[in-house]
Visitor: 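There's a structure below that I have some questions on.
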Amino acid sequence: MPKAKGKTRRQKFGYNVNRKRLNRNARRKATPRIECSHIRHAWDHAKSVRQNLAEMGLAMDPNKAVPLRKRKGNAMEVDVERLKELVRKPYVLNDLEAEASLPEKKGNTLSRDLIDYVRYMVENHGEDYKAMARDEKNYYQDTPKQIRNKINVYKRFYPAEWQAFTDSLQKSKMEVE
């Protein structure tokens, strides 16, 4: 059976390859990047994962870190004194707790087109969803129920803006009358 074409040639040493950079890049790819900045800055590469986490007050195995005593009376008693003596880097734990206590940031918003669509429909038709469904701006041919759901989504996402919008509509109706 014939061999592959490139396999018969003898290997040559690559003099132009920087071995130090090659090894450094291989080492960097082999070790994973720690995403949490607090843990990453306090990490000691000379120590094991278990030792690093124990110094920060974190646990690698929660079952071993918080052992539960098996008693008939107090089944859920925890040995807390042993945990506090090992923590050498408490600032990591404090930073993580402070970051976790921050309120969650809303990442979801509605598109500008949907907001304009809802405002147009409510301005022209008020609460008449059947008339909204027959409107020429109803490009996607939404049913009255779909339009009502879109309006409810807008109310839920922007309650203050919705209130200001309805107030401005009522003022304009009063001026017309």
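Not measured: the values here are computed from a predicted model.
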Visitor: Indicate the atoms forming the closest heavy-atom contact of Glu161 with Ile115, along with that distance.
Guide: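 Looking at all heavy atoms of both residues, the shortest contact is OE2-CG2, 4.4 Å.
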
Visitor: Quick one: pull up NZ in Lys89 and CG in Asn52 and give me the separation to the nearest 0.5 Å.
Guide: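 Atom-to-atom, Lys89:NZ and Asn52:CG are 5.5 Å apart.
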
Visitor: For Asn152 and Lys155: C-alpha separation, side-chain torsions, deciding distance, then whether side-chain contact (heavy atoms from CB on, under 4.5 Å) applies.
Guide: CA-CA 5 Å; Asn152 288 337; Lys155 286 180 191 177; 3.8 Å; yes

Visitor: Would Asn108 and Phe157 satisfy side-chain contact (heavy atoms from CB on, under 4.5 Å), going step by step from the backbone distance to the final call?
Guide: CA-CA 9 Å; Asn108 48 1; Phe157 269 74; 4.0 Å; yes

Visitor: As an exercise, state the distance from OH of Tyr140 to CD1 of Ile147, rounded to the nearest 0.5 Å.
Guide: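 Going from the OH atom of Tyr140 to the CD1 atom of Ile147 covers 13.5 Å.
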
Visitor: Let me confirm one number: the CG-CD distance from Leu169 to Glu123, rounded to the nearest 0.5 Å.
Guide: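 Separation between the atoms: 6.0 Å.
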
Visitor: Considering non-hydrogen atoms only, spot the tightest contact between Ala42 and Tyr91 and give its length.
Guide: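 Closest approach of Ala42 to Tyr91, heavy atoms only: CB-OH, 3.8 Å.
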
Visitor: If every non-hydrogen atom of Thr166 is compared with every non-hydrogen atom of Gln163, which pair is closest and at what distance?
Guide: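 Residues Thr166 and Gln163, closest heavy atoms: OG1-O, 2.9 Å.
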
Visitor: Minimum heavy-atom separation for Asp142 and Lys150, please, with both atom names.
Guide: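 In this case the closest contact between Asp142 and Lys150 is OD2-NZ, 2.7 Å.
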
Visitor: So do the side chains of Lys130 and His125 get within less than 4.5 Å of each other, counting heavy atoms only?
Guide: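 They are not in side-chain contact.
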
Visitor: Within a 6.0 Å radius of atom CZ on Arg19, are there more than 12 heavy atoms belonging to other residues, nucleotides or ligands?
Guide: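 Counting other residues, nucleotides and ligands, CZ of Arg19 exceeds 12 neighbours.
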
Visitor: Where does the angle between the aromatic ring planes of Tyr154 and Tyr158 fall among parallel (under 30°), tilted (30 to 60°) and perpendicular (over 60°)?
Guide: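 Geometry flag for Tyr158 against Tyr154: tilted rings.
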
Visitor: Which value, rounded to the nearest 0.5 Å, describes the distance between Ile39 atom CD1 and His41 atom NE2?
Guide: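 Ile39 CD1 to His41 NE2: 11.5 Å, rounded to 0.5 Å.
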
Visitor: Can you give me the closest heavy-atom contact between Met121 and Lys137, atom names plus distance?
Guide: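 For Met121 and Lys137, the tightest heavy-atom pair comes out as CE-C, 4.3 Å.
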
Visitor: Applying the 4.5 Å side-chain criterion to the ILVMFWY set and letting contacts propagate, would Leu110 and Ile151 be lumped into a single cluster?
Guide: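 Yes, it is one cluster - the side chains of Leu110 and Ile151 are joined through contacts under 4.5 Å.
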
Visitor: Counting C-beta onward and ignoring hydrogens, is there a side-chain heavy-atom pair between Trp162 and Arg156 closer than 4.5 Å?
Guide: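 Of all side-chain heavy-atom pairs linking Arg156 with Trp162, none is under 4.5 Å.
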
Visitor: Is the number of heavy atoms from other residues, nucleotides or ligands under 6.0 Å of Tyr15 OH greater than 12?
Guide: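 Count not over threshold, so no.
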
Visitor: Can you see which heavy atom on Cys36 is nearest to which on Leu96, and at what distance?
Guide: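 Here Cys36 and Leu96 meet closest at SG-CD2, 3.5 Å.
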
Visitor: Using 0.5 Å steps for rounding, measure from the CZ atom of Arg50 to the CE atom of Met60.
Guide: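 So the CZ of Arg50 and the CE of Met60 are separated by 5.0 Å.
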
Visitor: When you look at Val122 and Tyr117, which way does the side-chain contact (heavy atoms from CB on, under 4.5 Å) test go after all the steps?
Guide: CA-CA 9 Å; Val122 173; Tyr117 174 75; over 6 Å; no

Visitor: Quick one, His45 with Thr31, criterion side-chain contact (heavy atoms from CB on, under 4.5 Å). Give me CA distance, side-chain angles, the key distance, then yes/no.
Guide: CA-CA 10 Å; His45 293 284; Thr31 57; over 6 Å; no

Visitor: CZ/Arg21 to CG/Asn23 distance, rounded to the nearest 0.5 angstrom?
Guide: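 That separation rounds to 11.5 Å.
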
Visitor: Can you find a side-chain donor-acceptor pair between Tyr139 and Gln141 that sits under 3.5 Å?
Guide: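 Not at all, the side chains of Tyr139 and Gln141 share no donor-acceptor pair under 3.5 Å.
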
